[in-house]
Amino acid sequence: ITKANKQMKDSGSEGAKGAVELQLRGEDAGRATMEQVERQVKGNFNSNVGRSLERVSVYKDGVLFGEWTRGSDGTVQRTFP
């Protein structure tokens, strides 16, 4: 999330916004709970951090597991599930 945000900031496009899709695979992915994933996402994508991103989607072995979006006021909320 941090790397994707930096890429957007460094893209040279003024006011550029983007999204990141993350894929979790393997045994650790299978054991990851929503609480654990959300804690990781919100640590790097919140009202103060990751401002160049508008959406973060996390997939678990190819299936959408969680999605967070930034509102017009800058707050981040989970929109899936």
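Here the structure is a predicted model, which means the values were calculated and not measured.
- Cluster partners of Leu64, by chain and number: Tyr59, Phe80. The rule joins Ile, Leu, Val, Met, Phe, Trp and Tyr whenever side-chain heavy atoms lie under 4.5 Å apart.
- In terms of heavy atoms, Leu53 sits closest to Ala19 at CD2-N, 4.2 Å.
- Rounded to the nearest 0.5 Å, atoms OG (Ser57) and CZ (Phe65) are 13.0 Å apart.
- Looking at every heavy atom in both residues, Gly66 comes nearest to Pro81 through CA-CD, 4.3 Å.
- Taking every heavy atom of both residues into account, Val41 and Ile1 meet most closely at CA-CD1, 3.8 Å.
- Every residue two or more places apart in sequence or in another chain that forms a salt bridge (Lys or Arg N to Asp or Glu O under 4.0 Å) with Asp28 is listed here: Arg31.
- Proximity of Glu35 to Glu38: side-chain heavy atoms (C-beta onward) are nowhere separated by under 4.5 Å.
- In this structure, Gln23 contributes its side chain and Asp61 its backbone to a donor-acceptor pair below 3.5 Å.
- Of the possible polar contacts, one joining the Arg70 side chain to the Asn46 backbone as a donor-acceptor pair under 3.5 Å is found.
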Practice problem: Output, in order, the C-alpha distance, side-chain angles, deciding distance and verdict of side chain to side chain contact (heavy atoms under 4.5 Å, CB included) for Lys6 and Lys9. | Solution: CA-CA 5 Å; Lys6 184 171 176 8; Lys9 283 173 59 175; 5.6 Å; no

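- Side-chain N or O atoms of Lys17 include none that pairs as donor or acceptor with a backbone N or O of Met8 at under 3.5 Å.
- Within the model, atoms CG of Asn5 and CD of Gln7 stand 10.0 Å from one another, a figure rounded to the nearest 0.5 Å.
- When the shell of 6.0 Å around CD of Glu67 is examined, it contains more than 12 heavy atoms from other residues, nucleotides or ligands.
- In this structure, Val76 and Trp68 approach most closely via the heavy-atom pair CG1-CB, 3.9 Å.
- Leu24 is listed as a side-chain neighbour of Val37, based on a closest heavy-atom distance under 4.5 Å.
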